[in-house]
Amino acid sequence: MDITFYGAAGEVTGSSAVVRHSRGAFMVDCGMFQGGRDADRKNFSALDFDFGTIDFVLLTHAHLDHTGLIPRLVALGYRGPVYATDATADLLTVMLLDSAHIQEKEAEWSNKRNRSRRMRRRDTAPLYTVEQARTSLRALERVHYDENLTPHAAVSCRFRDAGHILGSAIIELDLSDEGVTRRLVFSGDLGQPDRPVLRDPFMPRRADYLCVESTYGNRFHRDLHETESELVHALNDTLGRKGGNVIIPAFAVGRTQEVLFILAKLVRMGQVPRLEVVVDSPMATAVTELTMRHAALWDEETRELAEWMRTAPSQFRLRFVADVEESIALNHSRGGLVIISASGMCDAGRIKYHLRYNLGREECSVIIAGFQAAGTLGRRLVDRARVVTIMGERIAVHAEIYTIGGLSAHADQGALLAWMRHFETPPRQTFIVHGEAEARTAFAQVIEADLGWSGLMQPVAGTTYHLN
Ligand SMILES: [Zn+2]
């Protein structure tokens, strides 16, 4: 048996691995490459290998860098099942269609630009269409956490809660090949313990071969309590003392729901008197509804909190904006609102309008609670730009900008090591994936030094590794 990584090897996107054995092959994750100049080219060529032998696909979670090429895989001829947890399948119905919509728009836009420049280029087709994404959803097979699944005569596996986003899973898999059975564990993306909404990651005890993520393999997160007190200060100062609005750019999947529950918790604890919160992002609204529907996956604290929210609706007023008119109406609001909107890095979507109307007012504030990549509007705000350009208009920044660090959907170095410490014996081989070169190299050194493990691999994309 062997394993080939097709992405997320020395980088954090494009997660996809294929395990081949004497009786077949299977794929774990089928992710898109995101960000960077090469992403488009890499996405178009990512499936240029013989995937015809693949019997089934397993998905760890719904993020597009783990699932975004599923519509393309199916469009190119894959006919087998794609297994995912119930909540992941629900999220994908929203996310893959949204992704396809963006692909179509981008192709349309680039063709229009080529034509207007009279370039003699053939029109580019989108990576996949909405129709193709819809078709690919039919390949999804729903799996429950902790149940035994036998997708092939040689394979049995279980999806364990990874605590990263709703429906996220660690996959524990037993593969019988030529008389021996080996345990493979794929961490997927691992959540940080003790974070809002989700349960803590499951701790596997045994693996012959381990694939572990390393996004923050070289970093430690700030304490959640510190983050909460910073939030309390920002909310009370802006809404109470200054009478302005608080704008929170947030990723629609995961972060919006976390922020909502933290805000509710702060009101419940009496740290903030009362809040009026508006969620203005169709995607965030859809994902929040899904999160509410999957209450069984929440941690204890969140269930209690949801119960309290039902009994105290006047203290924590929550509204989801449906149409564009209602969104535009928010532009006239002078104060008293917390507006959560996407995109998380302020580059697209309705958040741009909210920033346009509130950034110039010193009584307002913006709370940045997520990672902001270089080159984005969000990053310029974090870097304290005095003037920014939004939709062609130059706006002087007078609002207060708070950068709040403690919220991350990924385990930090300490949490990753704690998770690995639960293995009773070191795996024969440990593949360190889903981390930039620097993070995973540093992480490998720490694993060696702190856990004393050997057999550490830093795989290269496209290279096949024998599982010995
Ligand atoms: Zn993820």
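Counting starts at 1 for both ligands and their atoms, in listed order. On a predicted model such as this, the values are computed, not experimentally measured, just so you know. Numbers for residues simply follow the sequence, beginning at 1.
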side-chain hydrogen bond (donor to acceptor under 3.5 Å, both in side chains) pairs, two or more places apart, involving residues 436-453: Thr441-Gln458
My understanding is that only residues two or more places apart in sequence, or in another chain, count here; which of them pass salt bridge (Lys or Arg N to Asp or Glu O under 4.0 Å) with Arg41? Asp38
Name the orientation class of the two ring planes belonging to His434 and His66 (parallel below 30°, tilted from 30 to 60°, perpendicular beyond 60°). parallel
How many angstroms lie between OG1 in Thr288 and CZ in Phe261, if you round to the nearest 0.5 Å? 8.5 Å
Is a salt bridge present between Arg199 and Asp161, judged by a nitrogen-to-oxygen distance below 4.0 Å? yes
What residues, two or more places apart in sequence or in another chain, satisfy salt bridge (Lys or Arg N to Asp or Glu O under 4.0 Å) together with Glu424? Arg205
Shell of protein N/O/S atoms around the Zn ion (ligand 1), taken as anything under 2.8 Å: His61 NE2, His63 ND1, His164 NE2, Asp189 OD2
